[in-house]
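Structure, as structure tokens:
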2 protein chains.
Amino acid sequence: MSRIENSDPTPQDDAARAGWLYYVAGMTQDQIAAELGISRQRAQRLVAKAMADGLIHVRLNHRIGACLDLESALRDRFGLGRCRVSPSLGGADPVLSIAPAAAAELERVLRQPDPLTIALGTGRAMRGMVDAITPLEAPQHRLVSLIGNIAPDGSASFFDVIMRVSDKVRAPHYPMLVPVISPTSAERDAFHALAPVRRVADLARAADVVFVGVGQMSDDAPLLADGFVTREELDQMRAAGAVGEVAGWVFDSAGQYLDVGTNTRTGGVRVAQNPDRPAVGIAAGASKAPAIAAALKSGIINGLITDELTARAVLAS
Amino acid sequence: MSRIENSDPTPQDDAARAGWLYYVAGMTQDQIAAELGISRQRAQRLVAKAMADGLIHVRLNHRIGACLDLESALRDRFGLGRCRVSPSLGGADPVLSIAPAAAAELERVLRQPDPLTIALGTGRAMRGMVDAITPLEAPQHRLVSLIGNIAPDGSASFFDVIMRVSDKVRAPHYPMLVPVISPTSAERDAFHALAPVRRVADLARAADVVFVGVGQMSDDAPLLADGFVTREELDQMRAAGAVGEVAGWVFDSAGQYLDVGTNTRTGGVRVAQNPDRPAVGIAAGASKAPAIAAALKSGIINGLITDELTARAVLAS
DNA sequence: CCCTAATGTGAGTAATTGCCCATCAAGCGA
DNA sequence: TCGCTTGATGGGCAATTACTCACATTAGGG
């Protein structure tokens, strides 16, 4: 039996009304205020709330053609499953370009009725994706972190990607309470000897779907910027052939994991090269192209969401 | 072979960039102007153009739950195929509420790769739908008008629904060059004796999909407002049991076409009660509820796109 | 070659919006 | 009950945006 009743107007309900009147009907905030019988300031707050709550989605239809061409070229070249290329527009952060597409892909997975274990990495691109997803109910799935979430300074700031997703979709989440990179391999092993950590790691290894960012090893490496490696370590690993990194695990230009540098102390779970398990890379930025190409080559990731410029660079490499 | 080249920036391309920077990245027009090296005024014009060209789509996620409940109730009650209920928000025109949903449904049909004959009615709701559709290439389909497009004053203003769709999707269109309602049945028959008119009528009768508005017969009847019937005719048909109208053809509360009044002189093609051929009604407004319910009952339409309030009213009737 | 119309551009200005702050009501512990 | 904190509300103001107007540039026709 369907519940069909006019309940009291929720606070968010008013926000939705105001947001709709503003963004879709194109009314001014004064008109909305008059329409709903409230002050203009309140109308403004409702509109802002509608946007903040992610009730309003803005999408751009353009240059689908060129982007579809790039998608099929990437699929052919690397044998990809999922592949999406967003238009590169303006000089703004390319992460913003791909966030909506990445969010749409994650939402597609979350809408699957059967329970899935979804493994997530961290990084700026992942964070952009999370901010762009629409809240939806998906309590049937489990969200598991691939990467340790204890930063060098002891804070758990990297916890927030998986926590925010979990918040938005009401799915249980399993953070990995381990340093991203431990000072010694012994300490790393000590963490992994703990039963709760092992359970999460096992869960992550058995994930049905993987979403990760891709880090480059050039001078603007995220690992360096976030203080997980020193410049010396970075240079050493580059000398050993490192071109990129996924979930903190460094690999060479053929996409093969290396056994040097921080790879002996990385706390998270390696993304295995498994063609049967979707592993979607979310990454954009010209300097990431070699890292993305390498990860695609060996199948560390077998799906890609990127922007037009990066796609061209990956194909050119 | 994929074309992967950086061609010159189209004028619309700039509009897309500016629109994206403004609506998605949230930059101010001053920032955009600096970013793209143009004047603020030009940036403003580009943003306006992006919106005017329909490059920017705004969507609202809310109350999906309540609306889904109404959809399933309508489906159960009337055995519908397609059914979409949009949230009623604010006191604005309900046509605006349903236009995006209606447009999405039409786009879904247009994206079918196999050639289809799509029959279209007219009216305010249909016009709203047309304005909301995204331009896409669908030259494989044929668009045919169900209803005459010659108004009482001789103008062809009702031509525009089908013409605008055709414009946006580049599909061939077949308007019905016949008065909406002729002064006498003899004149109507004369028009239908003409070979070109007959061809279009045959095409309309054989349509694979039908999209129509639903008119009410109350004092705010569209037929009356647009001058197609006089108040005397309206009253006479109401006395004979008329509650609604689809494509100009009047029916009673059981959804059975009547043989009185203007029905002997209507120029267009009747929508047959054929359960195997999708016929989607696009209609919202409390006064339309009895007409919608009647049309659903007999299967003149077997799909419905409406708003929340109208859906409640239809279910209550 | 000149004229004209059409399209595009920049400046100015009025309207609209975002934000800070004073105020107020409600909740809560002493 | 009182005083405090918390969160919501509307006024006012600066920032931002939309619109109008005058001018420049260019294509087409006589």
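Both backbone and side-chain heavy atoms feed into the values below; hydrogens, waters and symmetry mates do not. Proteins get letters first, then strands, A, B, ... in listed order; numbering begins at 1 in each.
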Examine C:dT17: is either OP1 or OP2 under 4.0 Å from a nitrogen or oxygen in the side chain of A:Tyr22? Give yes or no.
-> yes
Residues in salt bridge (Lys or Arg N to Asp or Glu O under 4.0 Å) with [X], at least two apart?
{"X": "B:Arg142", "value": "none"}
{"X": "B:Asp131", "value": "B:Arg127"}
{"X": "A:Arg40", "value": "none"}

To the nearest angstrom, the CE-P distance between A:Met27 and C:dT17 comes to 11 Å
Return the value, rounded to whole Å, for the distance between atom CD of B:Gln29 and atom P of C:dA15.
-> 18 Å
In plain terms, say whether B:Glu105 and B:Arg84 are close enough for a salt bridge, that is, a side-chain N and a carboxylate O under 4.0 Å apart.
-> no
Heavy-atom side-chain contact between B:Val109 and B:Ile118 under 4.5 Å = yes
Do the side chains of A:Val178 and A:Ile150 get nearer than 4.5 Å, heavy atoms only?
-> no
Candidates A:Asp219, A:Thr310, A:Asp220 - the one meeting side-chain hydrogen bond (donor to acceptor under 3.5 Å, both in side chains) with A:Ser287 = A:Asp220
Outermost contacting nts on DNA chain D, any atom under 4.0 Å from chain B heavy atoms, listed 5' then 3', are D:dT17 to D:dT20
Side chain to side chain donor-acceptor pair (under 3.5 Å) filter on B:Gln29, not counting sequence neighbours, yields none
Going 5' to 3' along nucleotides 7-12 of chain C, which nucleotides have protein heavy atoms under 4.0 Å from the base (write B), which only from the sugar-phosphate (write S), and which from neither (write -)?
-> --BBB-
